[in-house]
Amino acid sequence: MVFQYTPTEFLNLPPFQGNKEIVRNYDSFERMVHFLELSPFITFDTETSGTAWYRHASICGVSFSGILDNAFKCFYIPFRHKTGETQLSFSRCASGLKKLLENDRLKIAHNFKFDEHMFRKEGISINGPRYDTMIAAHIYNENVSAALKNRAVLDLNIKDAQLYEQAVDIKLKELAKLNNMKITEYKYQFGYSHLPIDLCGIYACYDVDFTTQLYWFYERNHISTDYSRVFNTEMDLLGVLCDMEENGMPIDTDYLFDLKSKLQIVKSQVEENLFHNMRIRNFNIASDDELRNFLLNDLSLPLTKQTKKFQLSVDSDVLKTFSSYHSALSLISKWKEADKLANTYTDSIVRCMDSKNLVHCDFQQIGTIASRLSCRNPNLQNQPTDDDDRAIEYSGVDLEHNGIDPWSIRRAYIVRDKSWPRIYWDYSQIELRILAYYSQDPVMVQAYLNGEDIHSRTSLEVFGNKDKAFRRLAKVINFGLSYGMTEYHFAAAANITVEEAREFLNKFFERYHGVKLFRENLWEYIRNNGGYFTNIFGRPRRIPNINSYNIKDRSRAERQSIATHIQGSAGELTKESLVRIHKAIMSEGLQGLVFPVCTIHDEVQYDCCVDVLPKFCKIVKTVMEDYEEFKPIPIIVDSEYTLTNWSEKRGLKLAA
DNA sequence: GCGACAAGCTTG
DNA sequence: GTACGAGCTTGTCGCT
């Protein structure tokens, strides 16, 4: 490894203020511990050798800040910089670090969950109330990035807050180049561990400085009190997600590798068919440019659908539309389907694993503007569902009758142990129930009180008929309600004219007048309230475009407000339930017998020791359904389980 | 060779 | 004028 470091790099940066110190020996470390021990809060940040805490990445240094006698100080302790510089031993400092982090005082961090993972890896737990300034930033304004330096500029008005980060970035690019690595690869492998201590130390000190100042700023703006319900849920959820990510999801790697080669063979066969048997000119099917060229020039298809940038679209919808024109089109569809699965859902999942075949996703509490969770590395929230048509073609029966999808991805998501079933609880039609609550529409409320099939009821109300075809249309409308549906989309989805669509929707809003009023009243309220509103949990959302003079922008803002209100409430419900379940696990003594493993918007997944299964199931169902605030609408969860894998989950019935 | 963007696909 | 919210992948294009 090659290193280069010239102190002159700092010449153009702001001076290293007197309240910041790089801790270079054990005496200084003890003085720091003594100072921070008496601070009413402790702000911390870890610098690491990468972000993959579940693999090689570990702490190379820690920064702290706190106050004593009105003095605000920041410290950086270097432990494992691979620069040859003298530094402190982590194990020798561990008891001092524990003294600071395991006490009951307030802990503050920006992106708390990451640092908590890093400390847990070192055997240090973090106690006391948590305050994550990144989450507070998102509550303060969900429409701009919550990155630390970005908020130091925007919210604290520190104009040069980005300078040290820029200096670090320049250094990292230099180091990557010296080591002949791409910057992304370098950052993954080494993180900040090769940064000279002076540079990393001043950078890290400013990070805890900004973080503490953001804490003061958001508290001056009453974030944790004005939004106490969502704020407290988020702070509790942070620890639950930490557990969930640490537990990880076991993967059947052999299955995925087999599936990948099976899909590659299918792709080769399709290519052979197209370019050899059918004598079609060879082209790259994955290139939309080349595919468009083929459809237009070789097959002379009259393409009309356009992309956002006014190109002719060649998506799966177009291929399906023209499939009767030429037999090549269905083959191309099949190739694209196999290609998608092979590239996105087989070995790319395996690449995210640790040494024990577990994937540890990153659940993002600030990943969405509507306050749902997002998930990445890998994203477990968009794993393909098994396909009925493929199941019938392969096994002769559909999925409901235990047919098998030969290209199933979910089959790879296996249980941890045969005596530890995985349980899935999902809220039944939660968004429509929430709409029924907000609108108090009498027809909808009554349908839920009666336990009716809501799509059939809509079908009957709008079309005067609840046969299969009409129920399907009703379902399109019902789902569309959560998105602020347009008549154009309904027309396209139902394959009817825009006039017919408008007529049906008018009929719908006539029958469900409460829903119509709810939408209009919500828009009017937001308009008169400067684009700001909150949902039943007190979650804020700002949509300034609701007052735009541009009809397109305003209509979009109206759709967004409906969607945020409904989806956001459902998301909040699931998050609050995750916290409630965690608290119940603690109070019922189920620690170690139950593990959270995943959550997908309106669903939670736990691994549960079979011995405590009935008890745990009863607890979960009770706490998930116990939301009095939605009265009279009943909140219902469905339970499923598997003893093998995700693909084979089945309805769960327990004796009363 | 890299970053940014567009398109397309997968979920709830 | 063909919905709401996400994440991931490939191809393309312009820049260094």
Side-chain angles (χ1 to χ4, degrees), chain A residues 142 173 176-177 180-185 283-292 304-319 333 336-349 351-352 361-364 366-387 409-410 426-427 429-431 476-498 501-502 505 541 543 551-553 555-568 570-571 574 598-603:
Chain A
E142 75 283 5
K173 274 181 192 156
K177 201 168 181 181
N180 209 8
M181 289 167 89
K182 291 179 191 172
I183 184 70
T184 43
E185 186 192 357
F283 69 95
N284 180 2
I285 307 172
S287 161
D288 292 341
D289 279 359
E290 294 185 35
L291 178 56
R292 185 180 306 112
T304 52
K305 184 178 170 182
Q306 288 186 338
T307 67
K308 219 165 34 182
K309 296 277 172 185
F310 307 111
Q311 290 252 39
L312 286 169
S313 169
V314 290
D315 65 12
S316 62
D317 211 48
V318 171
L319 293 177
S333 296
K336 289 183 88 166
E337 196 182 348
D339 183 62
K340 174 75 180 177
L341 292 177
N343 288 329
T344 310
Y345 300 107
T346 58
D347 51 348
S348 49
I349 303 294
R351 277 200 294 275
C352 295
C361 323
D362 179 13
F363 287 96
Q364 292 274 112
I366 62 160
T368 73
I369 47 181
S371 88
R372 299 213 290 204
L373 290 171
S374 73
C375 176
R376 60 186 186 189
N377 305 327
N379 181 2
L380 291 189
Q381 298 182 321
N382 71 349
Q383 296 300 302
T385 50
D386 287 7
D387 185 275
I409 297 297
R410 295 195 174 200
D426 73 296
Y427 281 109
Q429 295 174 335
I430 190 60
E431 294 184 354
V476 173
I477 298 181
N478 281 342
F479 275 115
L481 287 172
S482 319
Y483 305 143
M485 177 174 47
T486 62
E487 52 204 22
Y488 300 96
H489 188 269
F490 178 49
N495 199 19
I496 55 181
T497 66
V498 175
R502 191 172 298 146
L505 287 177
R541 175 82 168 99
I543 306 186
I551 176 88
K552 224 172 121 181
D553 292 345
S555 303
R556 185 175 159 78
E558 287 171 354
R559 293 196 298 272
Q560 284 173 328
S561 62
I562 298 284
T564 298
H565 210 43
I566 298 174
Q567 288 176 4
T574 309
C598 190
T599 172
I600 310 182
H601 307 311
D602 59 356
E603 172 180 319

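These figures come from a predicted structure and were not determined experimentally.
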As its Watson-Crick or G-U partner within any shown strand, both distances under 3.5 Å, dC8(C) has dG8(B)
Residues Asp602(A) and Thr574(A): closest non-hydrogen pair is CA-OG1, 3.6 Å
Here the distance between atom P of dT11(B) and atom CD of Glu337(A), to the nearest Å, is 10 Å
Taking the minimum atom-to-atom distance to the side chain of Ile369(A), which one of dC9(B), dA6(C), dC2(B) wins? dA6(C)
Of all the choices, dT10(C), dC9(B), dG5(C), which nucleotide is nearest to the side chain of Arg556(A) once you look at every atom? dG5(C)
Distance check, P atoms only: dA7(B) and dT2(C), in whole angstrom units. 14 Å
Assign each of Arg351(A) and Ala493(A) to its nearest nucleotide of DNA chain C by heavy atoms, then name whichever residue's nucleotide is nearer the 5' end. Ala493(A)
Could you give the distance from CZ (Arg372(A)) to OG1 (Thr564(A)), rounded to the nearest 0.5 Å? 10.5 Å
If you check the Thr486(A) side chain, which of dT2(C), dC4(C), dT10(C) turns out closest? dT2(C)
Ser287(A) near the nucleic acid: base, sugar-phosphate alone, or nothing, with a heavy-atom cut-off under 4.0 Å? sugar-phosphate
For Ser348(A), which contact category applies under a 4.0 Å heavy-atom criterion: base, sugar-phosphate, or nothing? sugar-phosphate
Indicate, with a heavy-atom threshold strictly under 4.0 Å, whether Glu487(A) touches base, sugar-phosphate, or nothing. nothing
Looking for any heavy atom pair under 4.0 Å, which part of the strands does Lys308(A) touch: base, sugar-phosphate only, or nothing? sugar-phosphate
Closest approach to the side chain of Ser374(A), judged atom by atom: which nucleotide of dC4(C), dA6(C), dG12(B) is it? dA6(C)
Check this for me, if you would: do Asp289(A) and Arg292(A) make a salt bridge, where the nitrogen-to-carboxylate-oxygen distance has to be below 4.0 angstrom? yes
Under 4.0 angstrom, heavy atoms only, what part of the nucleic acid is Ala492(A) near: base, sugar-phosphate, or nothing? base
Of the options dC13(C), dG7(C), dA3(C), whose atoms approach the side-chain atoms of Met485(A) most closely? dA3(C)
Establish, with yes or no, whether the OP1 or OP2 oxygen of dG5(C) is under 4.0 angstrom from a side-chain nitrogen or oxygen of Gln560(A). yes
Describe the nucleic acid contact of Gly484(A) in one word from base, sugar-phosphate, nothing, applying a heavy-atom distance below 4.0 Å. nothing
Find the distance Asp602(A):CG to dC4(C):C1' and express it as a whole number of Å. 14 Å
Under 4.0 angstrom, heavy atoms only, what part of the nucleic acid is Lys309(A) near: base, sugar-phosphate, or nothing? sugar-phosphate
Name the closest nucleotide to the Thr344(A) side chain, picking from dT9(C), dG5(C), dG1(C). dT9(C)
Look at Thr385(A) and dT11(B) and indicate whether a side-chain polar atom (N or O) is within less than 4.0 Å of OP1 or OP2. yes
Within this structure, what is the NE2-to-P distance between His601(A) and dG5(C), rounded to whole angstrom? 13 Å
Would one find a side-chain N or O of Arg559(A) under 4.0 angstrom from OP1 or OP2 of dC4(C)? yes
Heavy-atom nearest pair, Asp288(A) first then Lys336(A), reads OD1-NZ, 4.1 Å
What does Arg376(A) touch in the nucleic acid at a heavy-atom separation under 4.0 angstrom: a base, only the sugar-phosphate, or nothing? sugar-phosphate
Suppose we define a pair by two distances each less than 3.5 Å, Watson-Crick or G-U wobble; what does dA3(C) pair with here? none
Ile366(A) has an atom CD1; how far is it from atom C1' of dA6(C), in whole Å? 14 Å
The nucleotide from dT9(C), dT12(C), dG3(B) with an atom nearest the side chain of Glu290(A) is dT12(C)
Please tell me which of the listed nucleotides, dG11(C), dG8(B), dA6(C), lies nearest to the side chain of Ser313(A)? dG8(B)
Starting the side chain at C-beta, find the nucleotide from dC4(C), dT10(B), dT11(B) nearest to Arg410(A). dT11(B)
Whether Asn343(A) contacts dC8(C) is assessed here as follows: a side-chain N or O lying under 4.0 Å from the phosphate OP1 or OP2. Is that the case? no
Heavy atoms only, 4.0 Å cut-off, all strands: where does Lys182(A) land among base, sugar-phosphate and nothing? sugar-phosphate
For Gly568(A) and Ser371(A), which heavy atoms make the closest approach, and how far apart are they? O-OG, 3.6 Å
Smallest heavy-atom separation, Tyr483(A) atom then Arg559(A) atom, equals O-CB, 3.6 Å
Atom CG of Asn379(A) to atom P of dT10(B): distance rounded to whole Å? 14 Å
Contact class for Ile566(A) vs. all strands (heavy atom < 4.0 Å): base, sugar-phosphate, or nothing? nothing
Would you mind classifying the nucleic acid contact of Asn377(A) as base, sugar-phosphate or nothing, using non-hydrogen atoms under 4.0 angstrom? sugar-phosphate
Is Phe283(A) atom CZ crowded by more than 12 heavy atoms from other residues, nucleotides or ligands, each under 6.0 Å away? yes
Nearest to the side chain of Tyr483(A), which nucleotide is it out of dC4(C), dT10(B), dT12(C)? dC4(C)
Whole angstroms only, please: what is the CD1-P distance between Ile349(A) and dT9(C)? 8 Å
Separation of dG7(C) P from Gln381(A) CD (nearest whole Å): 9 Å
Rounded at 0.5 Å granularity, tell me how far CD1 in Ile496(A) sits from CZ in Arg502(A). 11.5 Å
Under 4.0 Å between any heavy atoms, over every strand shown, what does Val498(A) touch: base, sugar-phosphate, or nothing? Just pick one. nothing
Please state how far atom CG in Asp339(A) lies from atom P in dG8(B), giving the value in whole angstrom units. 14 Å
